[in-house]
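Every heavy atom of this structure was used, including side-chain atoms; hydrogens, water molecules and symmetry mates were not. In what follows, chains carry the letters A, B, and so on, assigned in the order in which the sequence lines appear, proteins first and then strands, with residues in each chain numbered from 1.
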Amino acid sequence: MVRTRYAPSPTGMMHIGNLRTALYEYLIARSLGGRFILRIEDTDQERLVDGAVDAIYKTLRAVGLRHDEGPDIGGQYGPYVQSERRRLYRPYAEQLVREGKAYYCFCTRERLEQLKATAPGEVVGYDRHCRDLPSGEVQRLLDAGTACVIRQKMPLSGSKTFQDAVYGAITVDNRELEDQVLLKSDGFPTYNFANVVDDHLMAITHVVRGSEYLSSTPKYNLLYDAFGWQVPTYVHLPLIIGKDGRKLSKRHGATSFEALVQEGYLPEAIVNTIALLGWCPKDNRELFSLDELSAIFSVDGISKSPSVFDYDKLAWFNGEYIRAMPAGRFQAWIHPALTQVFGEPVPEPALLAELLQPRISRLAEIPEMVRFLTARQPYELDLFSNKKNKASPESAARILPLLYDALAGLAPWTRQAVHDRVMALAAGQELKTGQVMWPLRIALSGQAVTPGGAIEIAVILGRDESLARLNIALERLAGASAEKGDA
RNA sequence: GGCCCGUUGGUCAAGCGGUUAAGACAUCGCCCUUUCACGGCGAAGACAGGAGUUCGAUUCUCCUACGGGUCACCA
């Protein structure tokens with residue numbers, strides 16, 4: 001039975017790199033008929049952040065990564081929070097001490113600091129000062145209650161090779177490995193230790209994590225060996241980086257799932273995007289639901305090189321998901337953004353939704369896009385010029401009064417009615433559609449680019465505001481031509 | 001700096017000894033159209049460099065360059 005685990009530490013918002021790791025763990029488990037476990041790694045008491053655990057649950061729920069075992073739902077391998085497993089680790093560490101595979105270290109932080117400072121990059125890490133203390137001395141210090149940690153004895157020579165499902169065979173010289181701390185002086189295990197013990201106790205078969213752990217993996221393996229435990233299958237993932245090739249950070253834009261959602265990206269689109277960051281399916285398909293991914297995901301499609309997180313691509317995916325949304329759901333989704341601009345009630349919400357759905361790629365684009373509907377925009381009369389539609393301020397000055405008269409008494413003020421009236425005017429004047437639509441759009445919106453056409457804008461504005469804006473425009477145009485005449 | 005890993009168009013990437021080196025995003029052009037967007041069609045654009053191995057290297061090996069990761073009582 002394949003078992004994978006997502007083991008975040010509750011130290012803040014969920015970064016999309018972490019989310020992708022969680023996603024791949026989930027997909028590996030699902031694609032192989034296995035189980036996906038959530039474990040909270042809170043062994044660093046100093047870095048805990050309030051609410052971080054909730055953020056983890058919230059994010060996993062939002063993207064649909066349902067775990068089979070975890071702190072909130074239990075399971076046969078609990079508890080699933082490392083701080084609750086605290087008493088579990090010491091016996092394992094002491095077992096290694098008894099077997100001569102680990103030892104108590106009484107070195108103070110100050111001494112370690114000094115060590116780092118004096119040895120100019122020559123010696124790797126700890127100098128193994130306590131590795132061979134006489135047992136009497138150890139006992140004496142222990143009895144005196146001297147603060148200590150437990151360190152693992154690393155082999156002083158030789159090398160070790162392990163297999164990674166993505167990176168292949170990796171060999172590391174044992175001399176590169178320092179005697180790592182297993183149990184901290186506060187009694188908590190280090191990540192390195194707790195991780196191995198828990199993965200073993202929880203019967204984890206596939207360890208999936210970022211490639212930053214690649215170089216410390218030999219240390220884990222030595223631990224598995226020391227206990228005589230079976231080493232899991234390793235799946236190291238390439239990093240996600242920013243446009244400048246550096247680690248993804250706030251500098252590149254939103255990097256947490258939550259921030260992305262706030263900017264108006266859909267969870268499904270985010271998942272789809274990161275699924276393809278570092279993994280590629282056998283065919284050329286790009287649009288995948290989580291269930292579809294679960295069915296076809298396979299480790300051999302994971303690539304080795306780091307990939308740049310591309311916000312443009314995310315926006316494209318988001319646009320695809322937006323367009324695929326049922327109209328009703330879209331309308332509900334954008335409602336908060338609309339009330340921000342219009343207040344309540346939002347005029348013509350269904351029509352607005354219809355206009356916006358094919359046009360936006362992010363929720364955050366909406367306010368700017370519709371602002372002209374609530375406030376009259378200042379604009380240059382040049383805007384009435386449009387070559388393609390054979391429009392000019394002069395033609396507008398002639399057509400706008402006709403439009404005003406045609407629309408003034410119109411009722412009901414519906415899309416169909418406005419459309420028919422305007423088209424009838426165009427036909428009557430032997431004008432092309434664009435020749436009347438263009439000045440109408442400019443007069444109503446004050447901008448050349450609008451979501452939807454002139455008719456839709458008129459309907460949303462309502463008759464009074466539409467006529468008012470028409471009136472302003474035709475007066476300005478009349479004033480301008482009078483000036484011109486004087487000159 | 002030591003060690004580990006990586007390197008196909010601007011970005012994501014297919015490729016796993018013989019290909020006109022896919023596809024997607026972005027860019028540009030054309031079409032559709034009352035603007036824009038959507039949609040459709042098309043264009044430009046890549047194997048980091050050098051040695052080998054081989055009849056033949058993007059693919060295998062080595063070196064160089066560049067990039068990244070890691071060297072904690074953090075995870």
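On the P atoms, rA48(B) is 49 Å away from rU34(B), given to the nearest whole Å. The same atom, C1', is picked in rG42(B) and in rG23(B); the two are 16 Å apart, to the nearest Å. If you take atom C1' in rU54(B) and the same atom in rA13(B), they sit 29 Å apart, rounded to whole Å. Nucleotides rG52(B) and rU59(B) have their C1' atoms positioned 15 Å apart, rounded to a whole Å. If you take atom C1' in rA37(B) and the same atom in rA44(B), they sit 24 Å apart, rounded to whole Å. Distance noted for atom P between rG67(B) and rC28(B): 31 Å (whole Å). Straight-line distance between the P atoms of rC66(B) and rG49(B): roughly 15 Å, to the nearest whole Å.
Distance CG (Asn18(A)) to P (rC74(B)): 19 Å, rounded to an integer number of Å. Straight-line distance from the CG atom of Leu239(A) to the P atom of rG69(B): 7 Å, rounded to whole Å. Between Phe288(A) atom CZ and rA24(B) atom C1' there is a gap of 12 Å when expressed in whole angstrom units. Ile170(A) has its CD1 atom 11 Å from the C1' atom of rG6(B), to the nearest Å. Straight-line distance from the CH2 atom of Trp316(A) to the P atom of rU27(B): 14 Å, rounded to whole Å. For Asn318(A) and rC38(B), the CG to P distance is 14 Å, given to the nearest whole Å. In this structure, Met369(A) atom CE and rU35(B) atom C1' are separated by 13 Å, rounded to whole Å. In this entry the distance linking CG of Asp164(A) with P of rU70(B) reads 16 Å, nearest Å.
Using a 4.0 Å heavy-atom distance criterion, Ile455(A) is classed as a base contact. Using a 4.0 Å heavy-atom cutoff across all strands shown, Thr43(A) reaches sugar-phosphate atoms only and no base atom. Gln82(A) comes within 4.0 angstrom of nothing in the nucleic acid, heavy atoms only. Nucleic acid contact class of Cys148(A) (heavy atoms, under 4.0 Å, all strands): none. Val308(A) comes within contact range of the sugar-phosphate backbone alone, with a heavy-atom separation under 4.0 Å but no base atom that close.
The shortest heavy-atom contact between Pro281(A) and Leu276(A) is CD-CD1, 4.3 Å. In plain terms, the two heavy atoms of Glu263(A) and Arg362(A) that are nearest each other are OE1-NH1, 3.6 Å.
Among the nucleotides rG39(B), rC36(B), rG68(B), the one closest to any side-chain atom of Arg323(A) is rG39(B). Checking rA75(B), rU35(B), rG68(B) against the side-chain heavy atoms of Thr190(A) singles out rA75(B) as nearest. Of the candidates rG6(B), rA75(B), rG39(B), the closest approach to any side-chain atom of Ser9(A) belongs to rA75(B). For Ser307(A), whose side chain is taken as the heavy atoms from C-beta onward, the closest listed nucleotide among rC12(B), rG6(B), rC74(B) is rC12(B). Nearest nucleotide to the Lys313(A) side chain, out of rG10(B), rA75(B), rA24(B): rA24(B). The side chain of Asp312(A) sits closest to rA26(B) out of rA26(B), rA14(B), rA75(B). For Glu286(A), the listed nucleotide lying nearest its side chain is rA24(B); candidates were rA24(B), rC74(B), rC3(B). Out of rA75(B), rU35(B), rG69(B), the shortest distance to the side chain of Asn192(A) is found at rA75(B). In the set rC4(B), rC73(B), rA14(B), rC4(B) carries the atom at the smallest distance from any side-chain atom of Val172(A). Which of rU7(B), rU34(B), rA75(B) sits closest to the side chain of Ser305(A) comes down to rU7(B).
The nearest heavy atom of RNA chain B to Arg151(A) and to Ser303(A) marks one nucleotide each, and the one closer to the 5' end goes with Ser303(A). Nucleotides of RNA chain B nearest to Met437(A) and Val181(A) differ in position, and the one nearer the 5' end is that of Met437(A).
A donor-acceptor contact under 3.5 angstrom links the side-chain atoms of Lys388(A) to the base of rU33(B). For Arg359(A) against rC38(B), a side-chain-to-base donor-acceptor contact under 3.5 Å is absent. Donor-acceptor pairing under 3.5 Å, judged by distance alone, is present between the side chain of Ser185(A) and the base of rC73(B).
If you look at Tyr24(A) and Phe297(A), their ring centroids are closer than 6.0 Å. In this structure, Tyr213(A) has its ring center closer than 6.0 angstrom to the ring center of Tyr191(A).
A cation-pi arrangement is present between Arg209(A) and Tyr220(A) under the rule of less than 6.0 angstrom and at most 45 degrees off the ring axis.
For residues 208-226 of chain A, proximity to RNA chain B is found at Ser211(A), Glu212(A), Tyr213(A), Ser215(A), defined as any non-hydrogen atom under 4.0 angstrom from a strand atom.
Judged purely by atom type and a 3.5 angstrom limit, Thr414(A) uses its side chain to pair as donor or acceptor with the backbone of Ala417(A). Checked by atom type and distance alone, the side chain of Arg20(A) never pairs as donor or acceptor with a backbone atom of Ile274(A) at under 3.5 Å. One N or O on the side chain of Asn318(A) and one on the backbone of Leu266(A) form a donor-acceptor pair closer than 3.5 Å. In terms of modelled atom types and a separation under 3.5 Å, the side chain of Arg376(A) and the main chain of Leu373(A) share no donor-acceptor contact.
Going from atom CG of Asp199(A) over to atom CD1 of Ile204(A) covers 5.5 Å, rounded to the nearest 0.5 Å.
Helical stems involving RNA chain B, defined as 3 or more consecutive Watson-Crick or G-U pairs under 3.5 Å, span B:1-7 with B:65-71, B:10-12 with B:23-25, B:27-31 with B:39-43, B:48-52 with B:60-64.
No more than 12 heavy-atom neighbours from other residues, nucleotides or ligands sit within 6.0 angstrom of CG on Asp50(A).
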Item checked: Derivation and outcome, side chain to side chain donor-acceptor pair (under 3.5 Å), residues Asp300(A) and Ser298(A) -> CA-CA 6 Å; Asp300(A) 58 26; Ser298(A) 133; 2.6 Å; yes
